[in-house]
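Here the structure is a predicted model, which means the values were calculated and not measured. Letters A, B, ... mirror the listed sequences (proteins, then strands); counts begin at 1.
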Number of protein chains: 2
Amino acid sequence: MTPEHGTRRRILASARDLIYSRSYTGVGVAEICTRAEVKKGSFYHFFPSKRQLSLAVIDDLQNAIEDRGLSPAFAPDIPPLQRLQRFIEHLHAFQCAAAKTHGHLLGCPFGNLALELATSDELIRRKLAAVFAAIQARFEHVLTEAQTAGEFGVLDVPATAKAMLAYIEGVLLLAKTANDAALIRQLGPAVAQIRILPADC
Amino acid sequence: MTPEHGTRRRILASARDLIYSRSYTGVGVAEICTRAEVKKGSFYHFFPSKRQLSLAVIDDLQNAIEDRGLSPAFAPDIPPLQRLQRFIEHLHAFQCAAAKTHGHLLGCPFGNLALELATSDELIRRKLAAVFAAIQARFEHVLTEAQTAGEFGVLDVPATAKAMLAYIEGVLLLAKTANDAALIRQLGPAVAQIRILPADC
DNA sequence: ATTGCATTTTACCGATCGGTCTACTATTGT
DNA sequence: ACAATAGTAGACCGATCGGTAAAATGCAAT
């Protein structure tokens, strides 16, 4: 088929790691190529621009996190509310691992890119908003399941899911700023207490 | 004394606005000078480097927000828990105003810088951590006051304050990503429900 | 063998990056 | 009046930025 010797994949992986561990503007195409062991000409054979690459990186990250992060954590083998706690535990473990290899806590890759680029690049902003919407949907699913199990009364499920996501993003932000993963364990579990009632109260 | 015609102030204000509305790496010294109506030579007369400028910008922002944001919102003219709601309202109003003038929601300037630079610049990271600690102290004050008024039982006050700050940072992150200030009004008020109990339960 | 295409290599582009240097102009204290 | 000093102006630096052009190479089908 396509004889491509994994070059595209290597570029993508290199960009993913570098941008995640630093920032979008803080990483240059040259450095991405060096780490991927690829010449700049090859880079621009597979990606028309650094910006397009970043869009591909976001897709790649979303798939990876969806498959290796969200799906295992939210698997229906335990009651819905316990899945939230498992998610926090996974988050903590992942951030610890990243901190050990990179020397710094890296936080949420989408949150990082969002705060850096949301005002500069409308397309990236929208793409990141879509990623957040997808994660929010996971929380919504857990909430509705818990609700049908009689877990709590009236609830604005989408709003509560959004609030939970916000809380977790905020915890990751503070943890990254403090470079301290313990914050995730300390603050994370409280996510399950968050509730937003319907507006017509 | 110093004849300085407000040059330093103009540089600081220009940098504050530009960096806040875009990012640190996304703004160049040349652009900062242009907006401040200052030549590059003058810039480097007042600031030894772009990095040092950014530290001064953080100080400047902290003072401004402390005086014109936090102090009014947390003033003791109303019961402690109502101050939280007033703070959310102020936040919403401020973000709306910034969104109207800049075309985009800008979020929290400290959160923006933190996620962009925390892994690249240890000094800036620590400074931002200190800013967050100062804001956390405001929440702690409100919480202890509410507690002495018999508002709630046992509570890990510092942890709860940190969790509240995390939640607000997360809400601002999502609001910026969605470019929608309504999120602040929708999710913000739930900050008052957050509680973290002492570890020895 | 030869064509055709995908991939790779290398050299290069103009623009911008943060930062420096020197000369000039005010202003202030004596 | 004069020297010292603070501030301004603007040319200039090497490095790096994202991106381009054109050869050279590998590989597959005819």
Colleague: Give a yes/no verdict on a cation-pi contact between A:Lys127 and A:Phe110, requiring under 6.0 Å between NZ or CZ and the six-membered ring centre and an angle within 45° of the axis.
Modeller: no

Colleague: Could you walk me through whether A:Gln136 and B:Leu174 pass the side chain to side chain contact (heavy atoms under 4.5 Å, CB included) test, one step at a time?
Modeller: CA-CA 11 Å; A:Gln136 180 187 334; B:Leu174 288 192; over 6 Å; no

Colleague: Of the listed nucleotides (C:dT9, C:dT7, D:dG7), which one gets closest to any side-chain atom of B:Thr7?
Modeller: D:dG7

Colleague: Any heavy-atom pair between the side chains of A:Ile78 and A:Gln85 that's under 4.5 Å?
Modeller: no

Colleague: Please encode protein proximity along nucleotides 11-21 of chain C as a string of B, S and -, counting only heavy-atom distances under 4.0 Å.
Modeller: -------BBB-

Colleague: Rounded to whole Å, please give me the gap between CZ in A:Arg8 and C1' in C:dT8.
Modeller: 17 Å

Colleague: Between B:His45 and D:dG7, is there a side-chain N or O to OP1/OP2 distance below 4.0 Å?
Modeller: yes

Colleague: Look up atom CG in A:Leu187 and atom CD1 in A:Ile168, then write down how far apart they are to the nearest 0.5 Å.
Modeller: 11.5 Å

Colleague: Answer yes or no: is there an ion pair linking A:Arg125 with A:Glu122, defined by an N-O contact shorter than 4.0 Å?
Modeller: yes

Colleague: Flag this pair as yes if the NZ/CZ of B:Lys162 is under 6.0 angstrom from the six-membered ring centre of B:Phe132 and inside a 45 degree cone about the axis; otherwise no.
Modeller: no

Colleague: Atom NZ of B:Lys39 to atom C1' of C:dT22: distance rounded to whole Å?
Modeller: 17 Å

